[in-house]
> 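I'd like to ask you about the structure that follows.
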Amino acid sequence: MEGLVNSIFEPGVNQSLLIATNVAFVMLMTVLLLIGFFVELNIHIVFITILTFLLWMAINWFIVEAGSSSMPVQTADSDTSGDADVDQNVNAQPDSNSNHEKAD
């Protein structure tokens with residue numbers, strides 16, 4: 001459980017997050033299938049079950065594709081694209097005359 005909480009602060013997807021995601025989808029599919037089996041089967045339960053399954057597969061596909069990409073991770077220390085100017089503008093004090101109209 002601690003690995004799952006710590007994975008929030010790490011880039012990418014680690015194994016504990018993948019397991020937690022799959023366990024949550026298995027539990028959701030189990031509930032939907034039990035509802036469909038014990039309660040009158042209607043088209044809404046069927047569509048929700050199909051959408052849940054497709055979402056589950058799409059999330060797993062995305063995780064596999066994101067893990068197989070070979071793009072380099074850019075850190076804040078290596079970024080020199082002009083963020084220093086933004087930081088200076090945030091810390092700058094506004095001119096006291098710029099916000100008020102001059103009285104004539």
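One-based numbering along the sequence shown. When reading the values below, keep in mind they use all heavy atoms of this one structure, side chains included, and skip hydrogens, waters and symmetry mates.
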> According to a hydrophobic-cluster definition based on side-chain heavy atoms being under 4.5 Å apart (Ile, Leu, Val, Met, Phe, Trp, Tyr only), do Met29 and Leu55 belong together?
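Same cluster: Met29 reaches Leu55 through Ile, Leu, Val, Met, Phe, Trp or Tyr contacts under 4.5 Å.
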> Could you measure the distance from the OG1 atom of Thr49 to the CD1 atom of Ile35? Nearest 0.5 Å is fine.
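That separation rounds to 8.5 Å.
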> Is it possible for you to say whether Leu33 and Met57 belong to one hydrophobic cluster, with membership spreading through side-chain heavy-atom contacts below 4.5 Å?
no
> Report yes or no: do Val64 and Val26 belong to one cluster of Ile/Leu/Val/Met/Phe/Trp/Tyr joined by side chain heavy-atom distances under 4.5 Å?
no
> Working to the nearest 0.5 Å, report the span between CD1 of Ile19 and CG of Asn22.
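Output value for this atom pair is 8.5 Å.
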> State, with a plain yes or no, whether a side-chain heavy atom of Phe25 is found less than 4.5 Å away from one of Ile59.
yes
> Does CD belonging to Glu65 count more than 12 external heavy atoms closer than 6.0 Å?
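Result for CD/Glu65: enclosed.
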> Using only atom types and a distance under 3.5 Å, with no angle test, would you say the side chain of Asn42 pairs donor to acceptor with the backbone of Ile45?
yes
> Once rounded to the nearest 0.5 Å, what's the spacing between atom OG1 of Thr52 and atom CD1 of Ile48?
7.0 Å
> Just do the side chain to side chain contact (heavy atoms under 4.5 Å, CB included) check on Asn60 and Leu18 with the steps written out, would you?
CA-CA 8 Å; Asn60 280 323; Leu18 184 62; 3.6 Å; yes
> Is there a path from Val31 to Val39 through hydrophobic residues (I, L, V, M, F, W, Y) whose side chains come within less than 4.5 Å of each other?
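Both belong to a single hydrophobic cluster.
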> Taking side chain as C-beta onward, heavy atoms only, is Trp56 less than 4.5 Å from Leu28?
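No, too far: nothing below the 4.5 Å cut-off.
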> Report the distance from atom CE of Met27 to atom OG1 of Thr30, rounding to the nearest 0.5 Å.
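Nearest 0.5 Å value for the CE-OG1 distance: 8.0 Å.
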